Amino acid sequence: MADIAVSIIAKLSEYLVDPILNNARYVFGFNQIVRGLYDQKDELIVTQKSVKERMKEARRKTEIIEEAVERWMNDVNNVLKDVEKLEEKTKDNKGCYRVTFQYFLAKEAENSTKRMKNLYISCIFEPFSRRTELPGMKYFSSKNFVYSKSTEHAYNKLMEALKDGKCNMIGFHGMGGSGKTTLVKEVGKKAEELQLFDKVVMAVVSHNPEVTNIQGQIADSLDLILREETTIGRAQRLSTSLQVERTLVILDDVWENLDFEAIGIPPCCTVLLATRGRDVCVSMNCQITVELSLLDEEEAWTLFKRCADIIDDSPYALKLKNVPRKIAKKCKGLPIAIVTMASMLRGKKVEEWELALLRLEESQELDVEEVLSSCYACIKLSYDNLTKQVSKNLFLLCSIFPEDYEINMEDLVRYIKGLGPSAGTIGTMEKVRRETQVTMNILKDSYLLQPCGKQEFVKMHDLVRDAALWIASKEGKAIKIPAKTSVAVEENVKEIAAMSLWSMENLPSIDQLQCSALKTLLLHSTDESSLQLPKEYFGKMQMLEVLGITKFYYTWRNLYTLRYLSSSLSIFAVPQSMERLTMLRTLCLRGYDLGDISILASLTRLEILDLRSSSFDELPQGITTLQKLRLLDIYTCRIKKNNPYEVIRKCTQLEELYIWRVEDDSLPIISLPRLHRYVIVCDKFRENCRFLIDAYLEDHVPSRALCIDQFDASALIHDSSSIKDLFLRSEHLYMGHLRGGCKSIVPHMDQGGMNEMIGLILESCSEIECLLDTTNTNLPAFFELVTLKLIWMNGLKRVFNDPSFQCPLEKLQDLQIEYCTQLSSISFPRNSNMCNLKILRLQWCPMLTSSLFVPAIARRLMLLEELKIFDCSKLKHIIAEEYEADENASNPSPTLKVFPNLRILHVHGCHSLESIFPISFAQSLERLEKIVIWYNFGLNYVFGTHKDYKNSVNEVKANINLISLRRISLVSLSNLIDIFPKHCHPRSPNLKEIECRECPRLSTNLMYKTLLSSDQQKGLMATEERVVFPDSEESVLALEYLTFENSMVEGIFQMQAAKQGPLNSNLSHLCLKHLPELRLIWKGPKDVLGLQKLKSLVLVGCRNLETIFSPTIVGILSELSELVVSKCDKLEQIICSDRLAQDGNLPVFSKSVCFPLLSIVHVFQCNNLKSLFSHSLPSPFPELEFITIEECSEIEQVFFFNEDDKGQHVAEENKQNLVLPKLREVKLVHLPNITEFSKGPYKLQQNVKHYTVRHCPKYTCARLQEKTPFSAIHLQTIGDVCEMGLGSGSTSTFSATADINPQIQERVSKLETNLESERQRRRLMELDLQVERERRKLIELKLETEQERRRIMEETMLSFFHKMLGRVPQQFSHLLSQTQSAQNEESEDQDFQNVSIQSL
């Protein structure tokens, strides 16, 4: 009896006392729980800042943040908001219900602490971000491409060869300057557009091919980083990457036979090479050779007229008579000669035309072939027509650089200045710089130079460069550019005026450099070897004026990495003979460890000293005696001893100074009387700040820039401050961690208004509260400002306070405000005319509540192209609502157009926004290309306010044409009702990408309406509401990307009968997730839709879907490479069978479906599926590499082949071909009914590397070994395994490896194959992880629902016990009501944690 009593007491204690005590800690341990909440919050905030820094750095490197990181940040933001509300509740913890309030509050705080702890633990992301893909062939412009009979013929021949697909080596040859490069670019662009290849890459080879350079160009196009040290290692990496996809490799300007194996171009690639000689095509074994002929006389005349701006029968043409046609005939049909001559004579007088013809007719025969002779003569005539000596010298100077080299204007300025009066450069550095810029424009207008991607770079065409070298030799200014392999001794070596060597593997010896007339010597190397020159190397070069020994061309961005390599720079000891170079004016020593450079003080005529990114002992005191020194560049130099600023301060004659001393945190306070250009940087910045500075300087090429960190602003108060002059004259200013009590930039730091400032970047200046405050001043401000960036300004409350209307911001183009946590208003000046603003970016300004623009300012933003707003949670309006008083949605005035040039609209995490723009704005967004709206939980409408929708019944119908819109992405918009009001008829005929996820209130076929014209929208039937695209309009067929999630749709595409042949869809990627009512993806008549471009298909959570590919589609899916299916409970067959078609009132397939490029198949939790592919297919799966099937309870075979199906019989010889030749990995997990891999003639080859079977009891090991001669078999099963001598649940590995060939080459080949297999397996693992995330998300939703249900029960029980217990305090009645429910809740929480851990 006592035992029974003890047992009862124990049970009572277990079910009553323990839960009561456990719940009582919420009351008595309240303060401890709250402190734990605060501590965990602080830890999470620190981690959040760290992640933000990484995101910031990744975006500056143009990388794409992984989705897991974005979701983590959103979860952190949400939980921190909840914690802020809890903190407010803890402050209000008082009153008669204090104990009860504490209980609920403590429990809520503990749950929030757990959430923050889980987020804190899960903050490790690998990968964190990925690089953005380069534009590839789309980067090249088509404006210089001229269609003619010859180009059209060659173009068609090349395209036919590429479409045929039988040739993997195509040769294309023609004269230099005939337009080969332009034509192959057009061919590449067209091949990429037609998707003939997965990737098109292009590399320029040039006369002296460098393997590493060619590899680098191809790797850049593939977005591939080559980290290998050796050339062969880089080649192997490149070859492995090129084998993944079908790739077209275009090699331009090929001069000799190339070793593709050494470069890394595998045989599977298609190669198109362009060359001047047919013999190169023959030696390279080209299967097809295409020639680009010269223009005939009429084509040449047409091109000449266009370039010379001659119009037939115009007065100007009549005056010229027949002279232009004769000149065009002299060009011999060579496009480069025609363009050069016509551009030179455009708009000239008749006499000049006649003189040009006379010179061409009297030109002596050259020692080259006839066509080149005419071309050289044309270029020589353009050269002679240059009126200034500096123009001619600059043209010849450009020829000293290698073929296809992009020449920086800064290099030209420094070299041409060094040539002195003989080159026509006299005066200050600024005068020479401006004259060089003007001359470059003249040479580009004459087509003697070609522009590059950036304004400060130019390049020279190969044929023009050859002509320039010929001209130099004829004028006694011979330029020697020896091959990298050797330098031959010539008899006329003394006549050489310039020499350049772009690879120093074999330097010319002292005997070979007995060049008494040599004035320019450039030695360039990119390898890491040291440079050793004999002491007397420069002894016979007394006339040398320009000397450059460099490792890179002039740039800012590349120096970012070189600064950290300075400790291991290549060594170059300056030879003693350099002191004899008394005529030297320009000296460039870049990227070397120079050691002692005191000898430079003996160069008395030195004007330019460029030591950029070099390392040396100290800046010698003798530099101060160089009275002619005008430019000193020690940017990112490592100076080991002394303070260089003391030496520089004495160089009062300096006109330009560039300094950023590595490993030095002192502030260089240098003010020189003649200093006109300067870039001075204080090296205290963090790594991401350095990257920001480098990128900014590279993009803007500043003339006067000052970048300082931890600067004391009080120093500017003193008029005698040395830094004040530099500060006030700067055009580009970067300041970080500013101190000194300064509350504003203008007027506190500059009472003049910074009217010369072009770019201003402020970062982490917490004392600044307002950028501009003109309350007590009437001086204008920021007249020249182009770029403004405010980053991590935690004290900034307002950007502009301009009641006196002194800040027009007329030239502002780029405005970025990021991480300003206290910013409440931007307050653009009322009179500001920001007509040039192109980019506006706001990020993480949580206190920003007022609208961004008032209507008057919004109307002036005529050039705005990008509007991006991130995480401004309290922002209520982008444009003030007062605009609605002026607007008329049905008939807007043309003067009310707002943002007519807007291309990109991205709004993310702005939860207080109810709409983006008023509806009248939409009619002016004709150039809008991209709409991306994510995680705006309060958003009701995209265009139009609630008032617009309420009164839409009485509105006049309005047509809205978004003709440029290509992408629309709507994600996690829980309250989004509509995009446009009902009275509007939007139309986006060019829409290619649609993404709609987690928008439960959005209409099903809303996207379809935006693709139709207004007349078509009126005819849309109400019965089609449950289908996303209820008709096969042309705009629907043009879609390329479609993502649809969390909707109750029943169908995606409803196709109509085609009048002529099947309809061809451009759809390439289709992703459908969590569509529980979806029954058919494609529905319509038989064989009406072709999906030849579909590459990827992902289906998740489509529970009612019975089949994927219905008879509506045409049988061949020629591009499909990836198929992922998960949680489709009713899915019976991937390809609709005859039986299923008849049951569903569908037609049957007229032709069998085949997948010639399918490589990845992943199927998960499809419990009604019995086999993946069944019935007799016309061909095997030649590209199938990976098959993964998990948790499909009914599946019996992967492949089911029935010979009697449709009466088709497979012959014995065809059975041998029905194999899976590239299958490498098979994974079968939790398949209780699977018995065999294939029923029928499908065979598995020995190249299957990984065969994994787990928890498949009917799939016996004997059957497995009999049919799978694989290199590795992994088996884990139950039941039948015991018969083979293994314990239940055991794991065993069987190896059956073929005879190993001892040759090393085969071993290397196997290693490469394994590497590629591992890469694909990781990709599958990522897909698995994505599916697990979706499953976890569903569990979380169920848990939230259960918690809500229990909360309601708690309230009900509390009310009941309160009535029953009467005077018992409320807190104990509540504890009593929670005894059993709390225990169950904790148990369920533990189960959820276990599920989360297992899924991860």
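Computed from a predicted model, the values in this text were never measured in an experiment. Heads up: numbering here begins at 1 and tracks the sequence.
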S.K.: Please check if atom NZ in Lys650 has more than 12 non-hydrogen atoms from other residues, nucleotides or ligands closer than 6.0 Å.
M.R.: no

S.K.: So, for Met440 and Leu412, which heavy atoms are closest and what is the spacing to 0.1 Å?
M.R.: SD-CD1, 4.1 Å

S.K.: Taking Ser730 for the side chain and Arg704 for the main chain, is one N or O donor matched with an acceptor at less than 3.5 Å?
M.R.: no

S.K.: Verify the distance criterion only: is there a donor paired with an acceptor across the side chains of Ser703 and Glu731 at less than 3.5 Å?
M.R.: yes

S.K.: Donor-acceptor check, side chain of Thr428 to backbone of Lys431, threshold 3.5 angstrom: yes or no?
M.R.: yes

S.K.: Looking only at heavy atoms, what is the nearest atom pair of Val679 and Pro702, with distance?
M.R.: CG2-CG, 4.1 Å

S.K.: Please tell me if the side chains of Met578 and Leu587 come closer than 4.5 Å, counting only heavy atoms from C-beta onward.
M.R.: yes

S.K.: Using a 3.5 Å distance criterion without hydrogens, assess whether the side chain of Asn213 forms a donor-acceptor pair with backbone atoms of Pro209.
M.R.: no

S.K.: Could you check whether any side-chain N or O of Glu579 sits under 3.5 Å from a backbone N or O of Leu600, counting only pairs where one atom can act as donor and the other as acceptor?
M.R.: no

S.K.: Kindly give the heavy-atom pair with the smallest separation between Ser577 and Gly539, and that separation in Å.
M.R.: CB-N, 3.8 Å

S.K.: When rounded to the nearest 0.5 angstrom, what distance separates CG in Leu449 from CD1 in Ile442?
M.R.: 11.0 Å

S.K.: Any chance you could lay out the side-chain hydrogen bond (donor to acceptor under 3.5 Å, both in side chains) test for Glu698 and Tyr696, step after step, and finish with the verdict?
M.R.: CA-CA 5 Å; Glu698 179 74 10; Tyr696 181 84; over 6 Å; no

S.K.: State which residue, out of Leu523, Leu533, Asp593, fulfils the side-chain contact (heavy atoms from CB on, under 4.5 Å) condition with Phe572.
M.R.: Leu533

S.K.: Which class fits the ring pair Tyr383 and Phe395: parallel under 30°, tilted 30 to 60°, perpendicular over 60°?
M.R.: tilted

S.K.: Whether the side chain of Gln653 engages the backbone of Leu626 through a donor-acceptor N/O pair (distance < 3.5 Å, no angle test) should be reported.
M.R.: yes

S.K.: Does Glu655 come within less than 4.0 Å of Arg674, counting only side-chain N to carboxylate O?
M.R.: no

S.K.: With a 4.5 Å limit on heavy-atom distance, are the side chains of Arg585 and Lys628 in contact?
M.R.: no

S.K.: Between Lys519 and Gly418, is there a donor-acceptor pair closer than 3.5 Å when you use the side chain of the first and the backbone of the second?
M.R.: no

S.K.: Strictly distance-based, threshold 3.5 Å: is any side-chain N or O of Ser500 a donor or acceptor partner for the main-chain N or O of Ile400?
M.R.: yes

S.K.: Check this for me: Gln389, atom CD, are more than 12 non-hydrogen atoms of other residues, nucleotides or ligands nearer than 6.0 Å?
M.R.: yes

S.K.: Tyr592 and Ser615: side-chain donor and acceptor closer than 3.5 Å?
M.R.: no

S.K.: Please name the residue in the list Tyr658, Tyr678, Trp660 that meets the ring-ring contact (aromatic ring centres under 6.0 Å, His included) test with Tyr635.
M.R.: Trp660

S.K.: With side chains defined as the heavy atoms from C-beta onward, is the minimum distance between Leu396 and Lys392 less than 4.5 Å?
M.R.: no

S.K.: Taking atom NZ as the centre, does Lys388 end up with more than 12 heavy-atom neighbours from other residues, nucleotides or ligands that are less than 6.0 angstrom away?
M.R.: no

S.K.: With the side chain counted from C-beta on, respond yes when Asp252 and Val205 share a heavy-atom pair under 4.5 Å apart, and no when they do not.
M.R.: no

S.K.: Could you tell me whether a side-chain N or O of Thr586 sits under 3.5 Å from a main-chain N or O of Arg414, the two making a donor and an acceptor?
M.R.: yes

S.K.: Of the non-hydrogen atoms in Ser399 and Ala468, which two are nearest, and what is the gap between them?
M.R.: CB-CB, 3.7 Å

S.K.: Would Asp596 and Val574 count as a side-chain contact (heavy atoms from CB on, under 4.5 Å) if you check the C-alpha gap in whole Å, the side-chain angles of each, and the deciding distance to 0.1 Å?
M.R.: CA-CA 8 Å; Asp596 184 10; Val574 180; over 6 Å; no

S.K.: OG1 of Thr624 to CD of Glu646: how many Å apart, nearest 0.5 Å?
M.R.: 12.0 Å

S.K.: Please check if atom CD in Glu352 has more than 12 non-hydrogen atoms from other residues, nucleotides or ligands closer than 6.0 Å.
M.R.: yes

S.K.: Heavy-atom count around Arg434 CZ within 6.0 Å, excluding the residue itself: above 12?
M.R.: no

S.K.: Do Glu410 and Arg433 meet the salt-bridge criterion of a basic N to acidic O distance under 4.0 Å?
M.R.: yes

S.K.: Mind running side-chain contact (heavy atoms from CB on, under 4.5 Å) on Leu609 and Leu629 for me, showing each step along the way?
M.R.: CA-CA 8 Å; Leu609 178 57; Leu629 188 63; 4.0 Å; yes

S.K.: Should Gln217 and Val204 count as side-chain neighbours, where that means a heavy-atom distance under 4.5 Å?
M.R.: yes

S.K.: Over all heavy atoms of both residues, which pair between Val647 and Pro620 is shortest? Give the atoms and the distance, please.
M.R.: CG1-O, 3.6 Å

S.K.: Going through the distances and angles, do Gln450 and Lys459 end up as a side-chain contact (heavy atoms from CB on, under 4.5 Å)?
M.R.: CA-CA 5 Å; Gln450 297 176 345; Lys459 65 187 302 184; 3.9 Å; yes

S.K.: Going from CG on Leu469 to CE on Met460, what distance comes out if it is rounded to the nearest 0.5 angstrom?
M.R.: 8.5 Å

S.K.: What's the separation between atom CG in Leu584 and atom CD in Glu607, rounded to the nearest 0.5 Å?
M.R.: 10.0 Å

S.K.: So how far is it from Met499 CE to Leu544 CG, rounded to the nearest 0.5 Å?
M.R.: 11.0 Å

S.K.: Compare all side-chain heavy atoms of His676 with those of Met429 and state whether any distance is below 4.5 angstrom.
M.R.: no

S.K.: What distance do Ile599 atom CD1 and Gln576 atom CD have between them, rounded to the nearest 0.5 Å?
M.R.: 4.0 Å

S.K.: Would you indicate whether the side-chain heavy atoms of Leu675 and Leu726 approach each other to under 4.5 Å?
M.R.: yes

S.K.: For Arg465 and Phe401, indicate whether the former's side chain and the latter's backbone hold a donor-acceptor pair under 3.5 Å.
M.R.: yes

S.K.: Starting from the C-alpha separation in whole Å, work towards a yes-or-no answer on side-chain contact (heavy atoms from CB on, under 4.5 Å) for Glu656 and Asp633.
M.R.: CA-CA 8 Å; Glu656 298 188 12; Asp633 189 344; over 6 Å; no

S.K.: A side-chain contact here means heavy atoms from C-beta on lying under 4.5 Å apart; do Met541 and Leu581 qualify?
M.R.: yes

S.K.: Looking at Lys640 and Glu618, is any side-chain nitrogen of the basic one under 4.0 Å from a carboxylate oxygen of the acidic one?
M.R.: no

S.K.: Keeping Glu456 on the side-chain end and Asn408 on the backbone end, is there a donor-acceptor pair under 3.5 Å?
M.R.: no

S.K.: Which heavy atom of Gln542 sits nearest a heavy atom of Met583, and at what distance?
M.R.: O-CG, 3.2 Å

